[in-house]
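All values below were derived from every heavy atom in this structure, side-chain atoms included, with hydrogens, water molecules and symmetry-related copies excluded. Each ligand, and each atom within it, is numbered from 1 in the order the structure gives. Only a predicted model underlies this, so the values are computations on that prediction, with no experimental measurement involved.
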Amino acid sequence: MTLPNEDLLQIYEYMLLTRAVDDRIDLLFKQGKIEGVSFSSLGHEAIAVGAAWALGPDDVVAPLHRDLGAYLVRGITPRQVLAQFLGRRTALSRGRDGNTHGMGDLNLGILGYVSPLPDQLPLTLGAAMAFWVRQEPRVALAFFGDGSSSEGAAHETLNLASVLKAPAVFICENNQFAYSTPTKKQFAIENLADRAAGYGIPGVVVDGNDVLAVYDVVHKAVERARRGEGPTLIEAKTMRMRGHAAHDDAFYVPQELLAAWREKDPIRRFEAALRQQGLLSDELAEEIASRVAAAVDDATTFAEKSPFPEGREALEGVFCDV
Ligand SMILES: Cc1ncc(C[n+]2csc(CCOP(=O)(O)OP(=O)(O)O)c2C)c(N)n1
Ligand SMILES: [Mg+2]
């Protein structure tokens with residue numbers, strides 16, 4: 001599937017924006033301005049942006065903690081993201097959380113991420129089956145990690161989705177680690193996608209650092225789901241390029257492994273391809289980079305100037321009032 005040049009440049013800009021917002025989050029954490037934990041999506045830009053690009057406007061997505069790119073592609077603004085991480089009232093969770101938990105917006109087709117992993121998988125299956133019941137040609141896509149793949153809910157959801165021929169796509173982001181646990185201590189198979197055979201659905205392995213390859217396999221899986229042919233399990237292989245969260249220096253990750261993956265950086269690779277095709281000149285690269293930098297600066301100012309919620313607001317919008 002060939003994308004128009006305009007799309008390629010927009011994908012590039014979203015990947016850069018994802019990284020710039022992510023770097024700013026890391027900086028704000030180190031400045032002591034972010035409470036609790038902050039997860040980084042460094043290295044996951046191709047998966048999140050490429051997959052989100054393959055969705056139609058009425059489809060829904062359930063991103064996880066490393067899928068900042070998917071939130072941005074679907075229309076969440078850098079202002080909303082930084083307000084969220086700084087716990088401000090202008091954020092989507094109205095200051096109730098300091099990271100991507102609760103950063104959903106159903107108007108944009110984004111299911112908010114729930115903390116127990118991988119419970120967004122059954123929720124995504126629920127959304128897909130709602131589309132099926134209403135005979136709407138819509139698809140639900142969920143992300144989950146290699147660690148999350150070991151939980152019972154992942155297996156149960158994939159099996160049930162297969163039996164129901166749900167209009168759903170499941171992307172497992174195999175980034176080699178679940179916190180400090182390397183994949184070889186989690187499972188004894190080479191490819192998590194091979195598990196698809198046990199559910200009776202297609203399983204596809206994709207290079208998670210190649211944005212167009214990700215787009216391509218997700219696009220095919222989305223269209224298959226939309227035709228009523230059922231779900232696909234995609235395993236996108238990548239590397240978590242920072243610690244589990246900003247407080248974790250990942251001393252347990254071998255430096256050579258990180259260095260090898262740094263060579264496969266998804267943004268640098270895509271940029272090189274765009275330059276080779278003559279789509280990206282130095283001037284255009286500069287223009288895009290300054291637009292991205294301005295958006296992140298503007299978002300930081302907006303978030304830092306936004307008020308914190310009042311204590312009593314913690315009681316609003318919950319199931320039980322006191
Ligand atoms: C059921 C459950 N156990 C533990 C956690 C805490 N936790 C949050 S992220 C994470 C690591 C998950 O690893 P993986 O699924 O591979 O995703 P990654 O962080 O590598 O992207 C853990 C243990 C949780 N959120 N839910
Ligand atoms: Mg992982």
Side-chain angles (χ1 to χ4, degrees), residues 18-19 21-22 25-26 29 34-52 61-71 84-85 93 96-104 111-124 141-158 170-193 195 205-209 214 233-254 257-258 260-261 264 266:
T18 304
R19 185 161 295 183
V21 173
D22 190 69
I25 291 168
D26 193 55
F29 182 88
I34 292 178
E35 302 288 338
V37 290
S38 82
F39 302 107
S40 169
S41 54
L42 189 65
H44 284 247
E45 299 90 348
I47 302 175
V49 173
V61 61
L64 260 189
H65 50 297
R66 308 211 189 273
D67 302 313
L68 179 58
Y71 290 99
Q84 175 83 7
F85 276 78
S93 72
R96 289 183 172 79
D97 200 296
N99 64 62
T100 45
H101 302 128
M103 206 167 77
L111 301 181
Y113 149 45
V114 284
S115 181
L117 297 169
D119 287 359
Q120 74 286 358
L121 293 189
L123 296 181
T124 304
L141 179 149
F143 294 92
F144 63 121
D146 48 277
S148 314
S149 79
S150 303
E151 291 275 339
H155 300 289
E156 292 163 30
T157 303
L158 285 159
F170 301 99
I171 305 182
C172 183
E173 300 178 75
N174 181 350
N175 62 4
Q176 318 301 322
F177 284 87
Y179 211 126
S180 55
T181 308
T183 46
K184 67 174 184 305
K185 288 195 178 165
Q186 291 187 67
F187 42 82
I189 49 171
E190 174 74 15
N191 299 315
L192 285 168
R195 289 185 182 161
V205 176
V206 67
D207 176 350
N209 285 22
V214 172
L233 171 61
I234 295 168
E235 178 186 3
K237 293 195 193 274
T238 188
M239 177 71 195
R240 194 191 71 200
M241 297 304 291
R242 285 195 174 110
H244 170 67
H247 61 272
D248 170 27
D249 68 3
F251 65 90
Y252 48 83
V253 177
L257 185 63
L258 279 173
W261 280 94
K264 300 187 245 184

Undergrad: Is atom 4 (C) of ligand 1 close to the protein, meaning a heavy atom under 4.0 Å from it?
TA: no

Undergrad: Which atoms of ligand 1 have any heavy atom of G145 under 4.0 Å away?
TA: 14 (P), 15 (O), 16 (O), 17 (O)

Undergrad: Can you confirm if the aromatic rings of Y113 and H65 lie within a centre distance of less than 6.0 Å?
TA: yes

Undergrad: Any N/O/S of N174 under 2.8 Å from the Mg ion (ligand 2)?
TA: no

Undergrad: Determine whether any protein heavy atom is located less than 4.0 Å from atom 8 (C) of ligand 1.
TA: yes

Undergrad: Is it the side chain (CB and beyond), the backbone, both or neither of N175 that lies under 4.0 Å from ligand 1, heavy atoms counted?
TA: side chain

Undergrad: Backbone or side chain, does any N or O of E151 fall under 3.5 Å from an N or O of ligand 1?
TA: no

Undergrad: If we count only non-hydrogen protein atoms and require a distance under 4.0 Å, does atom 23 (C) of ligand 1 qualify as touching the protein?
TA: no

Undergrad: Just how far is it from atom CG of L68 to atom OG1 of T100, taken to the nearest 0.5 Å?
TA: 8.5 Å

Undergrad: Considering both backbone and side-chain atoms of A178, is one of its nitrogen or oxygen atoms within less than 3.5 Å of a nitrogen or oxygen in ligand 1?
TA: no

Undergrad: If every non-hydrogen atom of M103 is compared with every non-hydrogen atom of Q84, which pair is closest and at what distance?
TA: SD-CG, 3.6 Å

Undergrad: Does any N/O atom on P116 come nearer than 3.5 Å to any N/O atom on ligand 1?
TA: no

Undergrad: If every non-hydrogen atom of D22 is compared with every non-hydrogen atom of F39, which pair is closest and at what distance?
TA: OD1-O, 4.1 Å

Undergrad: Taking the side chain from R240 and the backbone from Y179, do they hold a donor-acceptor pair closer than 3.5 Å?
TA: yes

Undergrad: Only one of N209, T238, N175, D67 clears side chain to side chain donor-acceptor pair (under 3.5 Å) with H44; which?
TA: N175

Undergrad: One thing to verify: whether D207 and K264 come together as a salt bridge, which I'm taking to mean a side-chain N less than 4.0 angstrom from a carboxylate O.
TA: no

Undergrad: Which option wins on minimum heavy-atom distance to atom 19 (O) of ligand 1: R240, H101, M239, H65?
TA: H65

Undergrad: Who's the nearest protein heavy-atom neighbour of atom 15 (O) of ligand 1, and how far?
TA: S148 OG, 2.6 Å

Undergrad: Can you tell me which residue and heavy atom of the protein come closest to atom 10 (C) of ligand 1, and the distance to 0.1 Å?
TA: H244 CE1, 3.4 Å

Undergrad: Would you say H44 contacts ligand 1, with heavy atoms under 4.0 Å as the rule?
TA: no

Undergrad: Hey, is ligand 1 close enough to F177 that some N/O pair sits below 3.5 Å?
TA: yes

Undergrad: Could you check atom 16 (O) of ligand 1 against the protein and tell me its nearest heavy-atom contact, residue, atom and distance included?
TA: G147 N, 2.8 Å

Undergrad: Testing the basics here: between E151 and P118, what is the closest heavy-atom pair and its distance to 0.1 Å?
TA: CB-CD, 3.5 Å

Undergrad: Just by distance, do the side chain of D249 and the backbone of F251 share a donor-acceptor pair under 3.5 Å?
TA: yes

Undergrad: Below 3.5 Å, N or O to N or O, backbone or side chain included: is there any such pair between Y179 and ligand 1?
TA: no

Undergrad: Given atoms OD1 of N175 and O of F177, what angle do they subtend at the Mg ion (ligand 2), to the nearest 10 degrees?
TA: 80°

Undergrad: Of the backbone and side-chain N, O or S atoms of D146, does one lie nearer to the Mg ion (ligand 2) than 2.8 Å?
TA: yes

Undergrad: Please name the pair of heavy atoms, one in H101 and one in S93, separated by the smallest distance, quoted to 0.1 Å.
TA: O-CB, 4.5 Å

Undergrad: N/O to N/O below 3.5 Å, does that happen between R66 and ligand 1?
TA: yes

Undergrad: Please find the pair of heavy atoms, one from I171 and one from A236, that lie closest to each other, and give the distance.
TA: CG2-CB, 4.4 Å

Undergrad: Is E173 touching ligand 1 with its side chain, its backbone, both, or neither, if touching means heavy atoms under 4.0 Å apart?
TA: neither

Undergrad: If I apply the N/O under 3.5 Å rule, does S115 come out as touching ligand 1?
TA: yes

Undergrad: Over all heavy atoms of both residues, which pair between Y252 and H244 is shortest? Give the atoms and the distance, please.
TA: OH-N, 4.1 Å

Undergrad: Return yes if some donor-acceptor pair links the side-chain N/O of E45 with the main-chain N/O of G43 below 3.5 Å, else return no.
TA: yes

Undergrad: Which protein non-hydrogen atom lies closest to atom 1 (C) of ligand 1, naming both residue and atom, and how far is it?
TA: L117 O, 3.4 Å

